[in-house]
Every structure is written in structure tokens, then in C-alpha cells.
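What follows is a single structure, written as C-alpha cells, with notes after it.
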Amino acid sequence: MLQVQFIRQNKELVLERLAVKNFADAATLVEEVLALDEQRKKLTLDYDETQAKVNSASKEIGKLMASGDKSGAESRKLEVAAFKQALGPINEQLGATEKLLHDTLVRLPNLPGSTVPKGRTPEENVEVRRGGVIPTLAAGAVPHWDLAKQYDLIDFELGNKITGSGFPVYKNKGARLQRALISYFLDFNTAAGYNEMLTPFMVNETSAYGTGQLPDKEGQMYYMPEDNFYLIPTSEVPVTNIYRDEILKESELPVKMTAYSPCFRREAGSYGKDVRGLNRLHQFEKVELVQLVHPDKSYTTLEEMVAHVEKLIQSLGLPYRILNLCGGDMSFASAQTFDFEVWSAAQQKWLEVSSVSNFETFQTNRMKVRYKDENGKNVLVHSLNGSSLACPRIMATLLENNQTPDGILLPEVLHKYFGTDRIA
RNA sequence: GGUGAGGUGCCUGAGAGGCCGAAAGGACCGGUUUGCUAAACCGGCGUACGGGUCAAACUGUACCGAGGGUUCGAAUCCCUCCCUCACCGCCA
């Protein structure tokens with residue numbers, strides 16, 4: 001959520017930036033916000049002044065009663081009654097205004113950072129760089145769903161039986177490879193100074209709101225009405241919420257965390273295309289990175305995180321490209337996002353395996369995550385997160401790209417986690 | 001699931017209708033003292049939204065789990081909800 005104060009002081013900039021995101025109702029909403037904010041201030045002042053009169057009169061009544069002046073007290077009571085009568089409607093209006101202001105404010109997306117490219121569609125994302133070597137597969141190479149069957153690694157039909165489509169069962173070496181990936185990713189991250197967390201896989205409404213999943217994406221999350229919990233679509237939600245309502249010391253920044261979790265996504269409306277095999281699932285394994293940093297450092301941190309994820313992909317020997325997402329393709333809450341895609345050689349297409357974003361104060365304003373600066377003022381920190389990495393698509397590309405007549409050759413970094421150097 | 005006890009500031013913990021934004025201690029920050037470390041002593045130390053100011057000082061309102069109610073006045077009384085703890089039951 002944007003800060004009203006910021007909008008008030010930087011209206012032109014806000015409109016300009018929102019145009020980069022191709023956000024249609026920007027001008028109308030911004031005007032609405034400013035008008036409501038103005039109204040809120042007026043009503044607040046009015047309320048405060050009247051309430052102050054009530055408070056001071058009440059104090060006097062106390063003193064009059066104590067000194068035995070009953071009639072004096074009674075006449076003051078009548079005054080208070082008049083003030084309170086005025087207070088009722090003011091309070092009502094104030095409440096309504098505040099709610100409307102808030103509801104309007106949450107409809108505004110985050111402002112894209114200064115290096116976000118203009119554009120509307122994924123085709124307008126800007127490729128930053130590529131790495132790795134795209135393999136040439138031998139004749140007869142097959143996609144990962146065939147390999148999964150051939151080596152008995154994943155059983156999709158079994159998942160259908162137990163739950164439904166999009167919930168695969170990993171078996172034998174497939175299960176072991178998933179576990180190896182998770183362990184390797186976590187170790188790689190902790191070696192870089194990230195603290196490992198293992199959080200709940202369900203969150204309450206407040207947490208889902210904090211990171212921006214609500215009110216925007218409730219349709220994408222699994223929901224348990226009995227307990228009012230949501231299954232997490234990413235561990236970003238519980239991990240970032242660890243610091244909700246906290247005021248940090250400047251010396252505690254940056255906060256660096258990494259967490260494994262399964263991720264649950266309803267993926268409503270995305271049936272059909274691209275859902276084959278491991279490409280798009282309702283439950284998948286992922287290791288996530290989250291950082292809370294000083295506002296001056298978030299873009300440096302964003303670069304660091306991109307470099308970190310890049311090293312991880314390189315260590316797996318996968319061909320990849322990094323995209324600077326254009327305004328139109330970025331998420332609602334993000335100020336800048338870099339997507340990582342790896343080349344799936346048998347499917348002949350790029351698969352997104354990581355998305356690294358700077359949210360600036362968009363999430364921390366909702367969550368009230370602040371630090372105390374040298375002047376003792378509380379200032380919102382910036383939050384960032386990124387996948388490191390989404391396991392199923394990594395597994396898919398590892399299988400496809402490394403298939404040989406002698407089995408699937410695994411990158412060296414995985415050998416000690418997997419136990420052997422190949423799936424044969 | 002049952003029964004009981006509770007939710008007060010960074011923490012512990014008092015307060016039981018007005019003198020309470022809240023005692024006291026600890027932690028933390030600043031200072032004095034001090035061979036060093038420590039101790040002692042003095043001072044400071046919540047958040048949000050407003051007014052005010054170049055900035056401060058200063059000042060208003062709200063906040064003692066959340067939301068309502070009673071009252072001139074609520075941390076304190078009443079109602080609803082949420083949560084925590086203890087014991088029992090069940091159980092990985």
C-alpha cells in the first residue's frame with residue numbers, strides 16, 4: 001500500500017510512475033485519495049477539538065463533585081451531553097471516510113522503480129542477460145513427463161487419485177531428487193548469510209493481507225473457512241510476516257531469511273496450456289529468500305539477490321535468461337521484478353523458475369515493519385523476496401537437459417545430496 | 001474436546017471508575033565516576049494521526065488482546081469475539 005503522505009507530496013511523480021504500469025484509473029483514484037485524505041484531516045481536527053472539550057469538562061465535573069458542588073456538576077453534564085451529540089455524526093463520518101480512504105488506497109498498485117521498462121505484455125520484458133549453454137539433445141530425447149515415467153520418478157495419475165490434478169506424487173529417486181534440491185538450495189542460501197526458517201504452511205487473514213495477497217488474490221489461495229486460514233501460495237507470506245508490527249534497530253538490518261515450503265496455488269483459470277507435467281502445479285516445493293533492508297539499500301540488495309540466484313542456477317549448469325519485467329507484466333505489489341527462466345530443452349521453451357522483487361515500502365507499510373533511524377524516527381524498511389528456486393521446474397529441466405543414453409546426469413553440486421551422480 | 005486462569009509498554013509486573021500513557025524493576029541509550037571489566041549514581045526511554053514550527057519546543061486526540069455497551073468520566077464495570085497458559089482426555 002502506498003503512503004498517503006507520499007502521494008500528497010509527490011502527486012505528479014505518482015501519476016507518472018503509475019503510467020509505466022499501465023494502470024488505467026490512476027488519475028481518478030489519486031484524486032479520490034487526496035480528497036478523502038483532506039476530508040479525513042478536517043474531520044479528525046473537528047473530532048479532536050470537540051472530544052477535548054468533553055474531556056476537560058469531565059475532569060471539572062470530577063472536581064466539582066469532590067467539592068460538593070452538585071448543581072455545578074449537573075450543569076456541566078448538560079454541556080457535555082451537547083458536545084457528545086455533536087460528536088456522534090462526526091465520528092460516524094470520520095469512520096466512513098477512513099474506511100473509504102483505505103479501500104481506495106489499497107486499489108493503487110506499487111510504483112515501478114526508475115529502471116522498469118515501459119510495456120504492457122510479457123513480450124515487452126527486457127532480457128538482461130543469458131548464461132549457460134543450451135544443450136543439443138540426441139535424437140529421441142523426450143520431455144520430462146516421459147522421463148519421469150521411464151525412471152519411475154513421478155506418478156501424476158497417483159496424485160490424481162489421492163487428491164486431484166496438479167498434485168503429483170514423487171517416487172523413489174524422484175522424491176530423493178526433490179529433497180536433494182531443497183537441501184542444496186537451503187545450504188547455498190545459509191552459506192550466503194541467510195537465516196533458515198521453517199514456518200507454518202497456513203496463515204491467517206492478517207498475514208495474507210500483510211504481503212498483499214489479500215484483498216487482491218483471494219481466488220488464487222486455498223482457503224479453510226472452518227479456521228479462517230489460507231494455505232500459503234509461497235513462504236514469502238509467513239516469512240515476511242515474522243516481522244509484522246516490529247520496530248527494528250538500524251543495526252539489525254539487513255534481515256536475511258530463507259525458507260523451504262510447499263506452495264499451494266489454485267491456478268484458477270489456467271487450465272489447458274502449459275500445465276503438462278511439472279510445468280504448473282497446485283502444490284509445489286520451493287525455497288524462498290526474503291530480505292528486510294534499509295530504504296537506501298534496497299536496489300543494491302535487489303542486484304545482490306539477482307546475482308545470488310544467478311550463481312545458484314549456474315551451479316546447476318542450466319541455461320538461463322534474466323528478464324527485467326516491464327511495467328505491465330509486474331505484479332501489483334512490486335516496484336521492480338527480475339524473472340529467471342531456464343531453458344527446457346525437450347519442450348523447447350523457457351520456464352520461469354524464480355522471480356526476484358523489490359517491494360520497497362508496499363508490504364512494510366501494510367505490515368508496519370519499521371526501523372528507528374538516528375533521529376529516533378520510525379521509518380518503514382524495504383522488503384524484497386525471490387525464489388531460490390522453484391523445485392519442480394528445475395527438476396523438469398534437469399531431467400530433460402541432462403538425459404543421455406547412460407541415464408540422467410546430475411550436476412556435481414547435487415551429488416553429495418543425491419548420493420550418486422546420475423539417475424539410471 | 002472438557003475445565004480453570006489469564007491477555008497492561010522491549011521484558012517482568014503493579015494498578016480494580018477521575019490524581020493513569022500507565023508504579024516498580026530489568027533491558028536499552030546518554031552522562032558522571034572509574035587502572036580494565038564490572039559496579040554505583042544521575043538522566044532519558046511507547047505508537048499512530050493531527051495542530052504548530054524552517055526545524056524544534058510545545059500541544060490535541062486515540063491506543064492497556066479486538067469490537068461493542070454502561071457512565072459526565074473506563075486499563076478498571078458489562079457483553080461478544082480472538083488468543084495464550086495450566087490441568088485432564090486424545091494423539092504424531
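Just so we're on the same page: letters track the sequence lines, and every chain starts at 1.
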note = Stems field, RNA chain B, Watson-Crick or wobble, 3.5 Å, at least 3 pairs, by first number, holds B:1-7 with B:82-88, B:10-12 with B:24-26, B:28-32 with B:40-44, B:46-51 with B:58-63, B:65-69 with B:77-81
Tabulate below the donor-acceptor pairs under 3.5 Å that side-chain atoms of residues 181-189 of chain A make, not counting sequence neighbours, or state none.
residue  : atom : partner  : partner atom : Å
A:Ser183 : OG   : A:Arg179 : O            : 3.1
A:Tyr184 : OH   : A:Ser315 : OG           : 2.5
A:Asp187 : OD2  : A:Tyr417 : OH           : 2.6
A:Asn189 : OD1  : A:His308 : NE2          : 2.7
A:Asn189 : OD1  : A:Ser388 : OG           : 3.1
A:Asn189 : ND2  : A:Phe185 : O            : 3.2
A:Asn189 : ND2  : A:Thr258 : OG1          : 3.0
A:Asn189 : ND2  : A:Ser388 : OG           : 3.0

remark   = Picking from B:U47, B:G60, B:G51, the nucleotide nearest the side-chain atoms of A:Leu45 would be B:G51
note = To the nearest angstrom, the CG-C1' distance between A:Asp48 and B:G60 comes to 6 Å
ask   = Roughly, in whole Å, what's the span from CD in A:Glu205 to C1' in B:C82?
value = 12 Å
message = Measuring only the C1' atom in each nucleotide, how far is B:A22 from B:A62? A whole number of Å is fine.
response = 15 Å
query = Which value, in whole Å, describes the distance between the P atoms of nucleotides B:A14 and B:A23?
reply = 15 Å
Partner set under ring pair (Phe, Tyr, Trp, His ring centres under 6.0 Å) for A:Phe167, not counting sequence neighbours = A:His282
ask   = Do any of residues 69-94 of chain A sit with a heavy atom less than 4.0 Å from RNA chain B, and if so which?
value = A:Lys77, A:Val80, A:Lys84
Pair A:Glu79 + A:Arg76, salt bridge at N-O below 4.0 Å = yes
Nearest-Å distance once atom C1' is located in both B:C63 and B:U76 = 16 Å
query = Is it true that A:Glu31 and A:Lys11 have a side-chain N and a carboxylate O under 4.0 angstrom from each other?
reply = yes
request  = May I have the distance from A:Ile247 (atom CD1) to B:C10 (atom C1'), rounded to whole angstrom?
outcome  = 10 Å
inquiry  = Taking the P atom in each of B:G89 and B:A48, what is the distance between them to the nearest angstrom?
reply    = 48 Å
remark   = With sequence neighbours left out, the residues meeting ring pair (Phe, Tyr, Trp, His ring centres under 6.0 Å) with A:Tyr371 are A:His294
inquiry  = The criterion is side chain to side chain contact (heavy atoms under 4.5 Å, CB included); which residues satisfy it with A:Asn375, sequence neighbours excluded?
reply    = A:Asp373
Ion pair check, A:Asp37 and A:Arg40, cut-off under 4.0 Å = yes
task = Taking atom P in both B:G15 and B:G7, compute the distance separating them and give it to the nearest angstrom.
result = 11 Å
request  = To the nearest Å, give me how far apart CG (A:Asn204) and P (B:A66) are.
outcome  = 16 Å
message = For the P atoms, the ones on B:C41 and on B:A24, what distance do you get once it is rounded to whole angstrom?
response = 15 Å
request  = Mind checking side chain to side chain contact (heavy atoms under 4.5 Å, CB included) for A:Met202 and listing every partner two or more places apart, or none if nothing turns up?
outcome  = A:Met224, A:Phe229, A:Leu231
message = Rounding to an integer number of Å, can you tell me how far A:Asp245 CG sits from B:A48 C1'?
response = 12 Å
task = Quickly work out the A:Leu36 CG to B:C49 C1' distance and round it to whole Å.
result = 16 Å
request  = Could you work out the separation of B:G68 and B:A16 based on their P atoms and round it to a whole Å?
outcome  = 26 Å
message = Let me spell it out: for each of A:Lys368 and A:Lys53, pick the nucleotide of RNA chain B with the closest heavy atom. Which residue's pick is nearer the 5' end?
response = A:Lys368
query = Of A:Asp37 and A:Gln51, whose nearest nucleotide on RNA chain B comes first from the 5' end?
reply = A:Asp37
Output a table of donor-acceptor pairs, distance under 3.5 Å, between side-chain atoms of residues 64-74 of chain A and any protein atom two or more places apart or on a different chain; print 'none' if there are none.
residue : atom : partner : partner atom : Å
A:Ser67 : OG   : A:Lys63 : O            : 3.4
A:Ser67 : OG   : A:Leu64 : O            : 3.1
A:Asp69 : OD1  : A:Gly72 : N            : 2.9

inquiry  = Taking B:G31 as the reference, what is the distance to B:U37 when you measure between their P atoms (whole Å, please)?
reply    = 14 Å
task = Check whether the side chains of A:Ser298 and A:Asn358 place a donor and an acceptor atom closer than 3.5 Å, and report yes or no.
result = yes
request  = Looking at every strand, decide which applies to A:Lys42 at a 4.0 Å heavy-atom threshold: base, sugar-phosphate, or nothing.
outcome  = nothing
request  = Mind checking side chain to side chain contact (heavy atoms under 4.5 Å, CB included) for A:Leu409 and listing every partner two or more places apart, or none if nothing turns up?
outcome  = A:Thr404, A:Arg422
All pairs passing ring-ring contact (aromatic ring centres under 6.0 Å, His included) where residues 381-403 of chain A contributes a residue, at least two apart = none
inquiry  = Please give me every residue in residues 54-67 of chain A whose heavy atoms get under 4.0 Å of an atom in RNA chain B, ordered by residue number.
reply    = A:Asn55, A:Ser58, A:Ile61, A:Gly62, A:Met65
task = Check whether any side-chain nitrogen or oxygen of A:Arg40 sits under 4.0 Å from OP1 or OP2 of B:A48, and answer yes or no.
result = no
remark   = Atom NE2 of A:His102 and atom P of B:A48 are separated, to the nearest Å, by 17 Å
query = Roughly how many Å is it from CG in A:Leu248 to P in B:G46, rounded to a whole number?
reply = 18 Å
request  = Tell me, please, which residues at least two apart from A:Phe6 pass ring pair (Phe, Tyr, Trp, His ring centres under 6.0 Å).
outcome  = none
note = Side-chain contact check for A:Arg370: nearest option of B:G50, B:G60, B:U47 is B:U47
